[in-house]
Every structure is written in structure tokens, then in C-alpha cells.
Amino acid sequence: MKIGVMCATGQELDHLLKKLENKAVEEKLMRSFVTGEYAGVTVVAVVGGVGKVNGAITAQELIQEFGVEKLIFTGLAGGLDPTVKIGDVVIGAEILHHDLDMKIMENDQFPGMPTDFFPGDPEMMELCRGLGDNLRFGRIVTGETFVTAKERDGIIQRFHPQCVDMESAAVAQVCWFFRIPLLVIRALSDNADEEVEGAYTENGQWTSVSAASVVFRLLEALGKK
């Protein structure tokens, strides 16, 4: 089984890269795609960069050029739900754009594309259940902006998400086209409020460990299948 694992930044991927065995690196699209082994699974790991376009082209490369059978997108996110706290890990059961109204665009988008949300892969979600007390399964929204207090309330009122990021919905859209199972695993580094910049910097290192630990256990579970 070959699994793609992508992150937006190097800090988010470093934990996995240290664990991979028999690593080989291939440079494509100005990115370093690292193929290695973990828990009996072949993993292709890559830093895709920040934003929707970076996320989308990296996901497509993993699918078309490296032949991954499943994709895990992991890293950090901003919390938008009072029931979740910094350090919690959100599993994306529903993933959608907050800066693109898919219902309004229904007649002009690609035929058959979901008009509400892209679902997380049920099999991988099920494998994650019970992997930690800090796991939450819910809605992740994506937009081409670093959300702060100014945008926060409007996004919450419209979508009622657990967290927000800048890439996941674009990655989910690519996976939908190619029929590749996707699971998004995001640790909360901040609350997307007036303290977002300081919190992201201060909490990024330890919260990224929370997300990585779930990825490791998911890969171990997939390796046993």
C-alpha cells in the first residue's frame, strides 16, 4: 500500500520524516517528495506549501506521478468551535470552502461535484476512532486567507466549523476528481482570534506533535490491513 502524506510547512512534516526508513528523495515541482517505509506502509511525504493552489498541485502530483492509493493531509489549523481547545486534533468528516459558495455556483461547476462538502474517507476515519481523548470528528473549512478575529464570527455563523485552514478543501476537491480516499488531520495551534499570530508561533511545535502522533497510529493501523 502506498500512502501520500502532505503538509503545508516543514515544521508540520518533520516529525514523520524522522521516522521514515529507507528514504529516497525526488525533486519535482520545486518540492522534495520523500519516499520511505513506516510500519509496513510505503509513504510518500511532501511539504506542499501554504494556500489552495499549492495544496492542489501537490495532491495531484502525489496521485498522478507517485501513484498514492490514499492521501493524508495533516498539520495545523485555527479553532472555531468553543468545544475544542488548542492541542486538540480535528479529523475532517466534512471539508468545504468558506470563501466559495458551492451552492450558488452549482450550475457552473463541474457536473456532479458536491454542492455542500467533500467527505473524509470513512475507512480511515473509523481507524482513527479511539486513538486519543483529544480527537474530534467534524467540519473543516478552507479559505485563501489567514483567519483572524475580523473574519472569525462570520465564518462561524455561516458554516459552524470546528476549525479553519488554507488548503484542505482544495486537496479534497482534487481527491474527489481522482476518486482517491482522503483524510485531513489537523491539530489546533490557535483560536483564529486577535492572538492568532503569537499563538501560532508559540504553539506550533508542540501541537504539530499532536497531529503527527495520530498520523503515526493511522499508518500503523493501515499497515495491519
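Being a predicted model, the structure only gives us computed values, none of them experimental.
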query = Yes or no on salt bridge (charged side-chain N to carboxylate O under 4.0 Å, His left out) for D165 and K52, after CA distance, side-chain angles and deciding distance?
reply = CA-CA 10 Å; D165 67 19; K52 289 184 181 181; over 6 Å; no
task = Could you walk me through whether W176 and M113 pass side-chain contact (heavy atoms from CB on, under 4.5 Å), step by step?
result = CA-CA 8 Å; W176 179 87; M113 185 179 292; 4.0 Å; yes
task = Go through the steps for L218 and L183 under the test side-chain contact (heavy atoms from CB on, under 4.5 Å), then give the verdict.
result = CA-CA 10 Å; L218 175 56; L183 194 66; 3.8 Å; yes
key: Stepwise side-chain contact (heavy atoms from CB on, under 4.5 Å) check, F33 with L62   = CA-CA 9 Å; F33 291 82; L62 282 168; 3.9 Å; yes
message = For a side-chain contact (heavy atoms from CB on, under 4.5 Å) check, start with the C-alpha distance between M124 and L222, then their side-chain angles and the critical distance, and finish with the verdict.
response = CA-CA 8 Å; M124 287 193 284; L222 288 168; 4.2 Å; yes
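A side-chain donor-acceptor contact under 3.5 Å links Q173 and H97. No hydrogens or angles considered: a donor-acceptor pair under 3.5 Å links the side chains of E37 and T42. Defined by atom type and a distance below 3.5 Å, a donor-acceptor pair is present between the side-chain atoms of E12 and T9. At a cut-off of 3.5 Å, with distance as the only test, no side-chain donor of T74 or R186 sits close to an acceptor on the other residue.
Closest approach of G48 to N54, counting heavy atoms only: O-CB, 3.2 Å. Here the shortest heavy-atom pairing between K19 and H15 reads CG-O, 3.5 Å. When all heavy atoms of V171 and G55 are compared, the pair lying nearest together is CG2-O, 3.6 Å. I156 and P161 make their closest contact through CA-CD, 4.0 Å (heavy atoms, listed as atom of the first residue, atom of the second, distance). Nearest heavy atom pair, residue V214 against residue L135, reads CG2-CD2, 3.6 Å. The minimum heavy-atom distance between L188 and C163, with the atom names listed, is CD2-CB, 3.5 Å.
With rounding to the nearest 0.5 Å, the separation of OG in S168 from CZ in F118 is 12.0 Å. S32 contributes atom OG, which lies 10.5 Å from atom CD of E26 (distance to the nearest 0.5 angstrom). Rounding to the nearest 0.5 Å places CZ of F178 at 6.0 Å from CD1 of I63. For the atom pair C7 SG and L76 CG, the distance stands at 8.5 Å (nearest 0.5 Å). Taking CZ from F73 and CE from M6, the interatomic distance works out to 4.5 Å, rounded to the nearest 0.5 Å. Taking CG of L80 as the reference point, atom CD of Q162 lies at 10.0 Å (rounded to 0.5 Å).
Salt bridge present: K70 and E123 bring a charged side-chain N and a carboxylate O closer than 4.0 Å.
Under the 4.5 Å side-chain contact rule for hydrophobic residues, L29 and V47 do not share a cluster. One hydrophobic cluster holds both M125 and I72 under the rule that ILVMFWY side chains link at heavy-atom gaps under 4.5 Å. Linking Ile, Leu, Val, Met, Phe, Trp and Tyr residues whenever their side-chain heavy atoms come within less than 4.5 Å places M1 and L16 in a single cluster.
Using a 4.5 Å heavy-atom threshold, the side chains of I57 and R31 count as touching. Within the 4.5 Å cutoff, the side chain of V43 has heavy atoms near those of the L20 side chain. For the pair L17/V34, a side-chain contact is recorded, criterion being any heavy-atom separation below 4.5 Å from C-beta on.
The backbone N or O of L127 sits nowhere less than 3.5 Å from a side-chain atom of R129 that would complete a donor-acceptor pair. H98 places a side-chain N or O within donor-acceptor distance of the main-chain N or O of G143, the cut-off being under 3.5 Å. Looking only at distances, a side-chain donor or acceptor of D99 sits under 3.5 Å from a matching main-chain atom of E144. A donor-acceptor pair under 3.5 Å is formed between the side chain of N134 and the backbone N or O of G87. Remark: side-chain polar atoms of K28 are not paired, donor with acceptor, to backbone N or O of E61 under 3.5 angstrom.
A cation-pi arrangement is absent between R139 and F159, since the terminal nitrogen or guanidinium carbon is not both under 6.0 Å from the aromatic centre and inside a 45° cone about the axis. A cation-pi geometry, defined here as NZ or CZ lying under 6.0 Å from the six-membered ring centre and within 45° of its normal, does not hold between K2 and F66.
Annotation: side chain to side chain donor-acceptor pair (under 3.5 Å) contacts of Q64 (sequence neighbours excluded): Q60.
Counting heavy atoms of neighbouring residues, nucleotides and ligands inside a 6.0 Å radius, atom CD of E21 does not exceed 12 of them.
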